[in-house]
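Please read all numbers here as calculations on a predicted model, not as lab measurements.
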Amino acid sequence: MATHNNLGKEGEEEAVQLLLRKGYSILHRNWRAGKKELDIVATDLHQKTLIVVEVKTRRNTSFGLPEDAINTQKIRHIISSTDAYLRKHKIDLPVRFDIITVVGETSPFQMEHIEDAFFAPIW
């Protein structure tokens, strides 16, 4: 496996651990349905909100911040994947979209949890 893939997996694992420390319940990691994919699907402490988390891992910020990679096209893909997830699992909860950025080459990583990072746009 390529080094960047290993770094991405490490970043996602660190993101999951961060969410668990904050009291979130992890429902799915790397959920897939065809070409649709969600990094982490969780619920909050009171299981009143479904939280879809996009994880962006980078070695450094030389080419910009990790969250800058979440463009309109990526948001559309996440929204579409979330819709498929909600339908498949028959979930009727409010949805929040978060980003967790992970920067560094090895643990301990520099991490930031951005809650309500974006909203589902109306197209």
(request) Using the side chain to side chain contact (heavy atoms under 4.5 Å, CB included) rule, pick out the option among I78, I114, T101 that qualifies with E54. (result) I78
(message) Check this for me: K22, atom NZ, are more than 12 non-hydrogen atoms of other residues, nucleotides or ligands nearer than 6.0 Å?
(response) yes
(message) Quick check on Q110: does its CD atom have over 12 non-hydrogen neighbours (other residues, nucleotides or ligands) under 6.0 Å away?
(response) no
Roughly how far, to the nearest 0.5 Å, is the [atom2] atom of [Y] from the [atom1] atom of [X]?
X    : Y    : atom1 : atom2 : value
K56  : I99  : NZ    : CD1   : 9.0 Å
E105 : E10  : CD    : CD    : 10.5 Å
L50  : S25  : CG    : OG    : 11.5 Å
I40  : I100 : CD1   : CD1   : 5.5 Å
R59  : F109 : CZ    : CZ    : 9.0 Å
E14  : Q17  : CD    : CD    : 7.0 Å

Can [X] and [Y] be counted as an ion pair, charged N to O under 4.0 angstrom?
X   : Y   : result
K90 : D92 : no
K35 : E37 : no
R87 : D83 : yes

(request) Show your reasoning for whether side chain to side chain contact (heavy atoms under 4.5 Å, CB included) applies to F118 and T72. (result) CA-CA 10 Å; F118 58 89; T72 303; over 6 Å; no
Tell me the closest heavy-atom pair linking [X] and [Y], and the distance in Å.
X    : Y   : answer
A69  : K74 : O-CB, 4.3 Å
L93  : K48 : CD2-O, 3.9 Å
D116 : R96 : OD1-CG, 2.9 Å
T57  : G11 : OG1-CA, 3.5 Å

Residue pair [X] / [Y], side-chain heavy-atom distance below 4.5 Å:
X    : Y    : result
Y24  : H113 : yes
T61  : V103 : yes
Y85  : L38  : yes
I51  : D44  : yes
V102 : R58  : no
I26  : T43  : no
D39  : V53  : no
V16  : R29  : yes

(request) Evaluate the criterion side chain to side chain contact (heavy atoms under 4.5 Å, CB included) for residue pair D98 and V52; output intermediate values, then yes/no. (result) CA-CA 6 Å; D98 292 3; V52 175; over 6 Å; no
(message) Within the 3.5 Å criterion, strictly below it, is a donor on K36 or H77 matched to an acceptor on the partner's side chain?
(response) no
(message) Is there a path of hydrophobic side-chain contacts, each under 4.5 Å between heavy atoms of I/L/V/M/F/W/Y residues, joining L65 to I75?
(response) no
